[in-house]
Enquirer: 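Please read through the structure below; I'll follow up with questions.
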There are 2 protein chains.
Amino acid sequence: MAGIDEMSSSARMNQYERGKHAPDWLTVERLAAVLNVPVAYFYATDDDAAELLLAFYALAPEARGRALELIKAMS
Amino acid sequence: MAGIDEMSSSARMNQYERGKHAPDWLTVERLAAVLNVPVAYFYATDDDAAELLLAFYALAPEARGRALELIKAMS
DNA sequence: CTCATTTACTAAGCAATCCTTAGTGTATCC
DNA sequence: GGATACACTAAGGATTGCTTAGTAAATGAG
(Lines give C-alpha, C1' and ligand atoms only; values in the text may rest on other atoms or scores of the structure.)
Protein backbone atom coordinates (compact mmCIF):
# COMPACT_ATOMS: atom_id res chain seq x y z
CA MET A 1 0.00 0.00 0.00
CA ALA A 2 2.96 2.31 0.53
CA GLY A 3 4.24 1.62 -2.95
CA ILE A 4 7.03 -0.69 -1.87
CA ASP A 5 7.78 -3.47 -4.34
CA GLU A 6 6.00 -6.57 -3.05
CA MET A 7 8.98 -8.74 -3.88
CA SER A 8 11.01 -7.10 -1.11
CA SER A 9 8.45 -5.37 1.10
CA SER A 10 8.33 -8.15 3.69
CA ALA A 11 12.10 -8.19 4.16
CA ARG A 12 12.29 -4.41 4.25
CA MET A 13 9.50 -3.87 6.73
CA ASN A 14 10.98 -6.51 8.95
CA GLN A 15 14.38 -4.81 8.80
CA TYR A 16 12.74 -1.51 9.79
CA GLU A 17 10.72 -3.03 12.61
CA ARG A 18 13.75 -4.76 14.11
CA GLY A 19 15.95 -1.71 13.72
CA LYS A 20 18.34 -3.42 11.33
CA HIS A 21 17.92 -0.67 8.76
CA ALA A 22 16.19 2.73 8.59
CA PRO A 23 13.85 3.71 5.74
CA ASP A 24 14.44 6.83 3.65
CA TRP A 25 12.21 9.87 4.00
CA LEU A 26 9.93 9.12 1.06
CA THR A 27 9.18 5.66 2.42
CA VAL A 28 8.49 7.04 5.89
CA GLU A 29 6.07 9.59 4.42
CA ARG A 30 4.22 6.90 2.51
CA LEU A 31 3.99 4.62 5.52
CA ALA A 32 2.65 7.48 7.63
CA ALA A 33 0.03 8.23 4.98
CA VAL A 34 -1.06 4.58 4.80
CA LEU A 35 -1.24 4.25 8.59
CA ASN A 36 -2.85 7.68 8.94
CA VAL A 37 -0.34 8.97 11.50
CA PRO A 38 1.96 12.00 11.39
CA VAL A 39 5.49 11.25 10.24
CA ALA A 40 6.96 12.52 13.52
CA TYR A 41 5.05 9.74 15.32
CA PHE A 42 7.66 7.24 14.12
CA TYR A 43 10.41 9.27 15.77
CA ALA A 44 8.81 9.83 19.16
CA THR A 45 11.14 8.57 21.86
CA ASP A 46 8.54 8.19 24.62
CA ASP A 47 4.94 7.00 24.69
CA ASP A 48 3.52 10.31 25.91
CA ALA A 49 4.95 12.23 22.97
CA ALA A 50 3.78 9.51 20.59
CA GLU A 51 0.23 9.66 21.93
CA LEU A 52 0.28 13.44 21.88
CA LEU A 53 1.12 13.44 18.19
CA LEU A 54 -1.66 10.98 17.41
CA ALA A 55 -4.22 12.99 19.37
CA PHE A 56 -3.10 16.27 17.80
CA TYR A 57 -3.17 14.77 14.32
CA ALA A 58 -6.67 13.41 14.92
CA LEU A 59 -7.98 16.90 15.64
CA ALA A 60 -9.65 18.96 12.94
CA PRO A 61 -7.07 21.36 11.46
CA GLU A 62 -8.96 24.35 12.86
CA ALA A 63 -8.79 22.94 16.37
CA ARG A 64 -5.03 22.47 16.31
CA GLY A 65 -4.23 26.12 16.84
CA ARG A 66 -6.30 26.15 20.01
CA ALA A 67 -4.73 22.92 21.21
CA LEU A 68 -1.30 24.41 20.70
CA GLU A 69 -2.17 27.54 22.70
CA LEU A 70 -3.51 25.35 25.46
CA ILE A 71 -0.23 23.51 25.87
CA LYS A 72 1.79 26.68 25.54
CA ALA A 73 -0.23 28.23 28.34
CA MET A 74 0.76 25.43 30.68
CA SER A 75 4.42 26.41 30.97
CA MET B 1 29.16 19.77 20.54
CA ALA B 2 27.28 16.80 19.10
CA GLY B 3 30.47 14.80 18.81
CA ILE B 4 30.84 15.22 15.06
CA ASP B 5 34.43 15.41 13.87
CA GLU B 6 35.23 19.09 13.41
CA MET B 7 37.07 18.37 10.18
CA SER B 8 33.80 17.51 8.45
CA SER B 9 31.09 18.91 10.69
CA SER B 10 30.58 22.07 8.63
CA ALA B 11 30.09 20.13 5.40
CA ARG B 12 27.83 17.58 7.05
CA MET B 13 25.58 20.04 8.82
CA ASN B 14 25.26 22.01 5.61
CA GLN B 15 24.27 18.85 3.74
CA TYR B 16 21.62 18.14 6.37
CA GLU B 17 20.27 21.68 6.38
CA ARG B 18 19.94 21.78 2.62
CA GLY B 19 18.42 18.32 2.44
CA LYS B 20 21.26 16.86 0.40
CA HIS B 21 21.77 14.06 2.92
CA ALA B 22 20.02 12.78 6.04
CA PRO B 23 21.85 12.11 9.31
CA ASP B 24 21.73 8.71 11.00
CA TRP B 25 19.77 8.19 14.19
CA LEU B 26 22.67 8.57 16.60
CA THR B 27 23.60 11.93 15.09
CA VAL B 28 19.99 13.11 15.24
CA GLU B 29 19.80 12.14 18.91
CA ARG B 30 22.97 14.04 19.71
CA LEU B 31 21.83 17.14 17.83
CA ALA B 32 18.51 17.06 19.64
CA ALA B 33 20.32 16.82 22.99
CA VAL B 34 22.62 19.73 22.14
CA LEU B 35 19.73 21.89 20.94
CA ASN B 36 17.50 20.78 23.81
CA VAL B 37 14.60 19.73 21.59
CA PRO B 38 12.85 16.35 21.25
CA VAL B 39 14.11 14.21 18.36
CA ALA B 40 10.64 14.14 16.77
CA TYR B 41 10.87 17.92 16.38
CA PHE B 42 13.20 17.46 13.41
CA TYR B 43 10.59 15.34 11.64
CA ALA B 44 7.54 17.55 12.16
CA THR B 45 6.01 18.34 8.77
CA ASP B 46 4.08 21.45 9.83
CA ASP B 47 4.84 24.34 12.14
CA ASP B 48 1.97 23.62 14.53
CA ALA B 49 3.19 20.11 15.26
CA ALA B 50 6.75 21.39 15.63
CA GLU B 51 5.69 24.03 18.15
CA LEU B 52 3.53 21.52 19.98
CA LEU B 53 6.50 19.23 20.47
CA LEU B 54 8.65 22.06 21.77
CA ALA B 55 5.97 23.21 24.22
CA PHE B 56 5.32 19.66 25.39
CA TYR B 57 9.02 18.98 25.83
CA ALA B 58 9.43 22.20 27.80
CA LEU B 59 6.86 21.05 30.35
CA ALA B 60 7.92 19.37 33.56
CA PRO B 61 7.64 15.58 33.11
CA GLU B 62 4.83 15.42 35.68
CA ALA B 63 2.80 17.94 33.70
CA ARG B 64 3.01 16.02 30.45
CA GLY B 65 0.42 13.45 31.41
CA ARG B 66 -2.09 16.21 32.14
CA ALA B 67 -1.25 17.96 28.89
CA LEU B 68 -1.83 14.75 26.99
CA GLU B 69 -5.24 14.20 28.58
CA LEU B 70 -6.18 17.76 27.73
CA ILE B 71 -5.54 17.24 24.03
CA LYS B 72 -7.19 13.84 24.04
CA ALA B 73 -10.31 15.38 25.55
CA MET B 74 -10.60 17.79 22.63
CA SER B 75 -11.55 15.19 20.04
C1' DC C 1 -2.79 -34.61 12.51
C1' DT C 2 -1.22 -33.27 7.64
C1' DC C 3 -0.64 -30.42 4.13
C1' DA C 4 -0.77 -25.94 2.12
C1' DT C 5 -0.47 -21.20 2.74
C1' DT C 6 0.73 -17.21 4.84
C1' DT C 7 3.56 -14.64 7.85
C1' DA C 8 8.06 -13.74 10.17
C1' DC C 9 12.61 -13.37 9.82
C1' DT C 10 17.68 -13.56 8.14
C1' DA C 11 22.37 -13.63 5.45
C1' DA C 12 24.87 -11.96 1.66
C1' DG C 13 25.99 -9.18 -2.13
C1' DC C 14 24.67 -5.43 -5.25
C1' DA C 15 23.03 -0.79 -5.25
C1' DA C 16 22.35 3.50 -3.27
C1' DT C 17 23.53 6.94 0.17
C1' DC C 18 26.43 9.24 3.30
C1' DC C 19 30.94 10.99 5.06
C1' DT C 20 35.33 12.90 4.16
C1' DT C 21 38.36 15.63 1.70
C1' DA C 22 39.59 19.56 -0.74
C1' DG C 23 38.33 23.49 -2.34
C1' DT C 24 35.67 28.11 -3.75
C1' DG C 25 33.18 31.96 -2.37
C1' DT C 26 31.34 35.28 0.94
C1' DA C 27 30.92 37.82 5.23
C1' DT C 28 33.04 39.97 9.16
C1' DC C 29 36.36 42.34 11.90
C1' DC C 30 40.97 44.34 12.81
C1' DG D 1 43.97 44.87 2.69
C1' DG D 2 44.57 40.81 5.18
C1' DA D 3 43.03 37.42 8.35
C1' DT D 4 39.50 34.73 10.18
C1' DA D 5 35.29 32.64 10.31
C1' DC D 6 31.22 31.07 7.99
C1' DA D 7 28.56 29.02 3.96
C1' DC D 8 28.47 25.94 0.55
C1' DT D 9 29.73 22.24 -3.03
C1' DA D 10 31.76 18.22 -6.04
C1' DA D 11 33.75 13.84 -6.02
C1' DG D 12 35.15 9.51 -4.45
C1' DG D 13 35.86 6.24 -0.68
C1' DA D 14 33.23 4.36 3.14
C1' DT D 15 29.02 2.91 4.90
C1' DT D 16 24.25 1.59 4.78
C1' DG D 17 20.12 0.03 2.60
C1' DC D 18 17.65 -2.94 -0.82
C1' DT D 19 17.09 -7.15 -3.26
C1' DT D 20 17.39 -11.90 -3.63
C1' DA D 21 17.02 -16.37 -1.93
C1' DG D 22 16.01 -18.95 1.50
C1' DT D 23 14.65 -21.03 6.42
C1' DA D 24 11.46 -21.11 10.20
C1' DA D 25 7.23 -20.45 12.44
C1' DA D 26 2.19 -19.65 12.51
C1' DT D 27 -2.29 -20.32 10.69
C1' DG D 28 -6.22 -22.62 8.36
C1' DA D 29 -8.56 -26.22 5.74
C1' DG D 30 -9.60 -30.85 5.18
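Chain A is the first sequence line, chain B the second, and so forth, proteins listed ahead of strands; every chain is numbered from 1. Worth knowing before you read on, the calculation uses all heavy atoms, side chains too, and leaves out hydrogens, waters and symmetry mates. These numbers come from a predicted model, not from an experiment.
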Enquirer: To the nearest Å, give me how far apart CG (B/Asp24) and P (C/dT20) are.
Expert: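 Those two atoms, CG and P, are 10 Å apart.
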
Enquirer: If you round to the nearest 0.5 Å, how far is OG of A/Ser9 from CG of A/Asn14?
Expert: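 Between A/Asn14 CG and A/Ser9 OG, I get 11.0 Å after rounding to 0.5 Å.
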
Enquirer: Rounded to whole angstroms, how far apart are CD on A/Glu6 and P on D/dT19?
Expert: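 One finds 13 Å between P of D/dT19 and CD of A/Glu6, rounded.
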
Enquirer: Apply side chain to side chain donor-acceptor pair (under 3.5 Å) to B/Lys72 and list each qualifying residue two or more places apart in sequence or on a separate chain.
Expert: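 Testing B/Lys72 for side chain to side chain donor-acceptor pair (under 3.5 Å), a comparison that skips the adjacent residues, returns A/Glu51.
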
Enquirer: So A/Leu59 and B/Ile71, do their side chains get closer than 4.5 Å, heavy atoms only?
Expert: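 A side-chain contact exists here, since the closest heavy-atom pair is under 4.5 Å.
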
Enquirer: Output one letter per nucleotide in nucleotides 9-16 of chain C: B when a protein non-hydrogen atom lies under 4.0 Å from the base, S when only the sugar-phosphate is that close, - when neither is.
Expert: BBS-----

Enquirer: List the steps and the verdict of side chain to side chain contact (heavy atoms under 4.5 Å, CB included) for B/Asp24 and B/Thr27.
Expert: CA-CA 6 Å; B/Asp24 60 30; B/Thr27 301; 2.8 Å; yes

Enquirer: Distance from A/Trp25 atom CH2 to B/Tyr43 atom OH, nearest 0.5 Å?
Expert: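 Taking CH2 in A/Trp25 and OH in B/Tyr43, the distance rounds to 8.0 Å.
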
Enquirer: A/Ser8 has a side chain; which of D/dG17, C/dT20, D/dT19 sits nearest to it?
Expert: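 Among the listed nucleotides, the one closest to the side chain of A/Ser8 is D/dT19.
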
Enquirer: Could you tell me the separation between the CE atom of B/Met13 and the P atom of C/dT21, rounded to a whole number of Å?
Expert: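 Atom CE in B/Met13 sits about 18 Å away from atom P in C/dT21.
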
Enquirer: Between A/Tyr16 and D/dG17, is there a side-chain N or O to OP1/OP2 distance below 4.0 Å?
Expert: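 So the side-chain polar atoms of A/Tyr16 never come under 4.0 Å of the phosphate oxygens OP1 or OP2 of D/dG17.
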
Enquirer: Please state how far atom CE in A/Met7 lies from atom P in D/dG22, giving the value in whole angstrom units.
Expert: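 Taking atom P of D/dG22 as the reference, CE of A/Met7 is at 14 Å.
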
Enquirer: Quick check against the 3.5 Å criterion: does A/Arg64 have a side-chain atom that pairs as donor or acceptor with the backbone of B/Asp48?
Expert: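 Side chain of A/Arg64 to backbone of B/Asp48: no pair is present.
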
